[in-house]
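Beneath this line is the structure, given in structure tokens, with notes to follow.
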Number of protein chains: 2
Amino acid sequence: MAYNKKEEFTQKEQDLAAFAKAMSHPARIAILKVLAQRNECICGEIVDLLPLAQSTVSQHLKELKTAGLISGSIDGPRSCYCIDWKAFEKFNNEFNFLFTKLKVNNEKACC
Amino acid sequence: MAYNKKEEFTQKEQDLAAFAKAMSHPARIAILKVLAQRNECICGEIVDLLPLAQSTVSQHLKELKTAGLISGSIDGPRSCYCIDWKAFEKFNNEFNFLFTKLKVNNEKACC
DNA sequence: ATCTTATATCGCAAATATACGATTAATAAA
DNA sequence: TTTATTAATCGTATATTTGCGATATAAGAT
């Protein structure tokens, strides 16, 4: 694109979009699912569960971490990851505020 | 990428990812916000509210419509759009099922 | 000290997404 | 019928994402 216009939107809009973006790939949904079920998980186990190369999984993990959806710590030669529940709660609140609360006023759809 | 591996994930994972993807740009969040507040909205009004060209807004609207987050109908020479609340409800349920329900079992984070 | 194991990072190719101007299509107004 | 208005689509440039193999890094095992 000629210019990147993302900065011209409000911070909340950007934050919500960034969170959604982190979840916008099935591989990352799958990773989050595993982490949600196990509380903690070693990178290698995730690699075994996904149909992707190790380097690709590592990249997805990095994206999730950068976006703040998960946290990770080094555990000897391994890396342990888990979900940042607080971030999810925050997103869920924002999301519901935008798209559920307002629904009450507008039941009758026009189209 | 050499190959698109998205199809190798479960349908639910793909669906959730597709929904998140539709919300993964601040412009589309902004559009959804407007529609949530107004119940219905003409394309032109949205164009006026966003810092983007008409063709770009139209493209974003198309993406939202294709992903099923909004519906639209032609109203004379204009197009009227509104949120598909059912789709949001479905997404919210899936999302909560994955990322909130399971939280109860796993309060103690490791990292 | 060397070897193994686990993970992150780099470099690259291919696929997608973003943005715009120009054009088209379709209705309303004159 | 001609003209204006509204919105969709096309073509194109650029940016970003996805994916992999190869390489680097770092800790544990021998």
Side-chain angles (χ1 to χ4, degrees), chain A residues 1-9 13-14 17-31 34-35 40-67 70-82 111, chain B residues 1-9 13-14 17-31 34-35 40-67 70-82 111:
Chain A
M1 59 207 127
Y3 297 104
N4 188 345
K5 295 260 184 144
K6 281 177 183 165
E7 302 87 19
E8 305 201 17
F9 296 90
E13 284 161 355
Q14 290 183 53
F19 196 98
K21 191 162 141 69
M23 297 202 305
S24 72
H25 193 285
R28 294 196 288 273
I29 294 285
I31 290 171
V34 173
L35 294 181
E40 68 177 71
C41 200
I42 300 296
C43 172
E45 300 180 53
I46 301 169
V47 172
D48 290 343
L49 292 170
L50 301 197
L52 296 171
Q54 178 267 321
S55 57
T56 307
V57 173
S58 194
Q59 212 172 266
H60 282 304
L61 284 165
K62 190 186 177 186
E63 269 178 89
L64 287 169
K65 197 175 174 185
T66 302
I70 67 176
S71 55
S73 63
I74 295 157
D75 174 25
R78 294 151 234 280
S79 290
C80 176
Y81 287 99
C82 49
C111 45
Chain B
M1 55 208 131
Y3 296 103
N4 187 344
K5 296 259 184 145
K6 281 178 184 165
E7 301 86 19
E8 306 202 15
F9 295 89
E13 283 162 356
Q14 291 184 52
F19 196 98
K21 190 163 141 68
M23 295 202 305
S24 72
H25 193 284
R28 294 196 289 271
I29 294 284
I31 290 171
V34 172
L35 294 181
E40 68 178 70
C41 201
I42 300 295
C43 172
E45 301 179 53
I46 300 168
V47 172
D48 291 342
L49 291 168
L50 302 195
L52 296 170
Q54 178 267 321
S55 56
T56 307
V57 172
S58 194
Q59 212 171 265
H60 282 305
L61 283 165
K62 191 185 176 187
E63 270 178 87
L64 287 169
K65 197 175 173 184
T66 303
I70 66 175
S71 55
S73 64
I74 295 156
D75 175 23
R78 296 149 233 280
S79 291
C80 177
Y81 288 99
C82 51
C111 44

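Chain A is the first sequence line, chain B the second, and so forth, proteins listed ahead of strands; every chain is numbered from 1.
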Exercise. With a 4.0 Å cut-off on heavy atoms, is Leu52(B) in touch with a base, just the backbone sugar-phosphate, or nothing at all?
Worked result: sugar-phosphate
Exercise. Can you tell me how far P of dG21(D) sits from CD of Gln54(A), to the nearest Å?
Worked result: 11 Å
For this session: Tell me what Ser79(A) touches on the nucleic acid: a base, only sugar-phosphate, or nothing, going by heavy atoms under 4.0 Å.
Result: sugar-phosphate
Problem set entry | His60(A) or Glu45(B), whichever maps to the more 5' nucleotide of DNA chain D | Glu45(B)
For this session: Select base, sugar-phosphate, or nothing to describe what Ile42(A) touches, counting heavy atoms under 4.0 Å on all strands.
Result: sugar-phosphate
For this session: For dC20(C), take OP1 and OP2 only and decide whether either is under 4.0 Å from a side-chain N or O of Thr56(B).
Result: yes
Exercise. Closer to the 5' end of DNA chain D via nearest nucleotide, is it Val47(B) or Glu63(A)?
Worked result: Val47(B)
Problem set entry | Rounded distance in Å - NZ (Lys6(B)) to P (dA15(C)) | 13 Å
Exercise. Rounding to a whole Å, what distance do you find between Leu61(A):CG and dG19(D):P?
Worked result: 13 Å
For this session: Would you indicate, yes or no, if dT18(D) has its OP1 or OP2 atom less than 4.0 angstrom from a side-chain nitrogen or oxygen of Asn4(B)?
Result: no
Seminar exercise, completed: Walking DNA chain C from its 5' end, the first of Arg78(A) and Lys62(A) to be reached, judged by nearest nucleotide, is Arg78(A)
Exercise. Looking across every strand, which nucleic acid part, if any, lies under 4.0 Å from Gln59(B) by heavy atom: base, sugar-phosphate, or nothing?
Worked result: base
